[in-house]
Amino acid sequence: MTPILFHGGAVCTRGGYLPRGWLLADGGRITALGEGDPPVGLAGQRVNLAGRTLAPGFIDLHAHGAVGADTMDATPAALRAMARFYARHGVTGFLATTVTASLAGVLAALQNVSTTMAEGTGGAALLGAHVEGPFLDPDRLGAQDAAHVRAPALDEILPLLDTGVVRVLTLAPELPGAGALLEAATARGTVVSAGHTRATYEEMAAAVPRGLRHVTHLFNGMEPLHHRQPGVVGAALAMPGLTCELIADNIHVHPGALLLAWRAKGTDAIALVTDAMRGAGMPDGQYTLGGLGVTVQGGVARLASGNLAGSTLTLERALANMMAATGLPLPEALPMATAVPARELGLLGRKGFLAVGLDADLIVLNADLQVDLTVVGGAIVYASGALAIADLA
């Protein structure tokens, strides 16, 4: 693997923001970085940032599909197409997310995730799977298929967990039997998330000691906040042990609610996600999500009922929207798309920051927060053509 030297622009390091800095990636890791100009005599490739910003790659914990492909297609080709699209938008790692479907269908999708992880994607790294359902509240399904919703059953979740790729599990914690699933998943290192739920504040408080630590797309798929019945939203905002996903497309969540969530939780407890479906990166038209018909119009995905059905959002747009809503500068907003999701997956020792010894998962952002280069494990997987890349002498 050829070393890559980045120079001539800003660098967002774990130790702080360098207005002008450099970084060397070699052997899939970050081997050196510093302020100012790089030392002479380095071999490999040179990337002139030309005033752009070098940042850690994004990690998307909740992505169903893109460019006509979907996790539930259960084919390596689908996951690779998704991975290449995500990489063009700054994602260096993602969780392929399932929907509520037959247990056989979900299991097939997870087995395909396992196979594709071993073989590689050629784009964003596939870090595992997020299983969204089928153990959900029938009255808060959103775009999940009611025909496949099931009561929590330990004997049904174990074959899914035993695939070894389930990193996040979304369920409704108030359902009878959900506690046993929560404990079993937590014991296997899976992050359990409350979603598509009508849990009360008290039920959420009872679930946290049993392992609940995450909330799926806060504000969506749950009861609205009420001052006498704060429910999941109130618990998510008030309880420090819960990390909240946000779909920051200004459609699923109003900018004022994005600001509210950030003021309540802070940067360290928000994970920006896309909830992207197969219409992402595609023209407006007719698509499917979990077997349900979806119309994408003006970039907004909806069922015939009007329910939102995932999104066509990309993570660099989500980051820009969050910055606009909160007034945060790029270095302070970045952790919501990098370090926080890495922490949720137990990967902070490898990913989520730019620091010596960590994986060389890097992106180059221009002044408009568009992605000009994506590097995964020290290899360039996307280049817009806007940067000068030359061999070092």
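In the model, Thr295 has a side-chain atom that pairs as donor or acceptor with a side-chain atom of Gln286 under 3.5 Å. Checked by atom type, the side-chain pair Thr216/Ser193 shows a donor-acceptor distance below 3.5 Å. With hydrogens and angles left out, the side-chain atoms of Ser384 and Asp372 include a donor and acceptor closer than 3.5 Å. When only modelled atom types and interatomic distance are considered, His252 and His254 share no side-chain donor-acceptor pair under 3.5 Å.
Panel note: side chain His64, backbone Thr97; a donor-acceptor pair is recorded below 3.5 Å. In terms of modelled atom types and a separation under 3.5 Å, the side chain of Tyr86 and the main chain of Gly65 share a donor-acceptor contact. Side-chain atoms of Thr190 come within 3.5 Å of backbone atoms of Val166 as a donor-acceptor pair (strictly under, hydrogens ignored). Within the 3.5 Å criterion, the main-chain N or O of Gln111 finds a donor-acceptor partner in the side chain of Thr115. In this structure a side-chain-to-backbone donor-acceptor pair under 3.5 Å is present from Lys265 to Ala236. Of the possible donor and acceptor atoms, none in the side chain of Glu223 sits under 3.5 Å from a partner among the backbone N and O of Gly231. Here the side chain of His196 pairs a donor or acceptor atom with the backbone of Arg140 at under 3.5 angstrom. Judged by distance alone, the side chain of Thr100 and the main-chain N or O of Asp145 form no donor-acceptor pair under 3.5 Å. Remark: the backbone N or O of Arg52 is not paired with any side-chain donor or acceptor of Asn366 at under 3.5 angstrom. In terms of modelled atom types and a separation under 3.5 Å, the side chain of His217 and the main chain of Ile247 share no donor-acceptor contact.
Within the 4.5 Å cutoff, the side chain of Thr71 has heavy atoms near those of the Leu79 side chain. Looking at heavy atoms from C-beta onward, Leu237 lies in side-chain contact with Leu218 at the 4.5 angstrom threshold. Between Leu315 and His89 the shortest side-chain heavy-atom distance does not fall below 4.5 Å. Residues Leu61 and His214 have side chains in contact (heavy-atom distance under 4.5 Å, counting atoms from C-beta outward). Contact annotation: the side chain of Leu345 approaches that of Leu95 to within less than 4.5 Å [non-hydrogen atoms, C-beta and beyond]. Side-chain atoms of Pro341 and Phe58, non-hydrogen and from C-beta on, never get closer than 4.5 Å to each other. Side chains of Asp268 and Arg343 form a contact here, defined as non-hydrogen atoms less than 4.5 Å apart.
A salt bridge does not link Glu344 with Arg167: none of the charged nitrogens is closer than 4.0 Å to a carboxylate oxygen.
Linking Ile, Leu, Val, Met, Phe, Trp and Tyr whenever their side-chain heavy atoms come within less than 4.5 Å leaves Ile380 and Val91 in two separate clusters.
Between Met282 and Arg278, the closest heavy-atom pair is CG-O, 3.6 Å. Listed here is the closest heavy atom pair of Leu141 and Leu136: CD2-CB, 3.9 Å. Closest approach of Asp284 and Val296 over heavy atoms only: CB-O, 3.1 Å. The two residues Ala143 and Leu308 make their nearest non-hydrogen contact at CB-O, 3.6 Å. The nearest pair of heavy atoms linking Gly90 to Ile363 is O-CG2, 3.4 Å. The two residues Gly28 and Met1 have their closest heavy-atom pair at N-SD, 3.5 Å.
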(Q) Quick one, Arg88 with Val67, criterion side chain to side chain contact (heavy atoms under 4.5 Å, CB included). Give me CA distance, side-chain angles, the key distance, then yes/no. (A) CA-CA 12 Å; Arg88 293 201 299 271; Val67 290; 4.2 Å; yes
Q) How far apart are the C-alpha atoms of Glu119 and Arg80, what are their side-chain angles, what is the distance that settles it, and do they pass the side chain to side chain contact (heavy atoms under 4.5 Å, CB included) test? A) CA-CA 10 Å; Glu119 296 175 350; Arg80 291 184 181 123; 2.7 Å; yes
Q: Apply side chain to side chain contact (heavy atoms under 4.5 Å, CB included) to the pair Phe135 and Ile157, showing each step before the final yes or no.
A: CA-CA 9 Å; Phe135 312 109; Ile157 194 62; 3.6 Å; yes
Q.
As a quick check of understanding, evaluate side chain to side chain contact (heavy atoms under 4.5 Å, CB included) for Asn48 and His7, giving each step before the final call.
A. CA-CA 5 Å; Asn48 187 344; His7 68 99; 4.0 Å; yes
Under 3.5 Å donor-acceptor pairs involving side-chain atoms of residues 325-335, not counting sequence neighbours:
{"unit_1": "Thr326", "atom_1": "OG1", "unit_2": "Met322", "atom_2": "O", "d": "2.7"}
{"unit_1": "Thr326", "atom_1": "OG1", "unit_2": "Leu328", "atom_2": "N", "d": "3.2"}

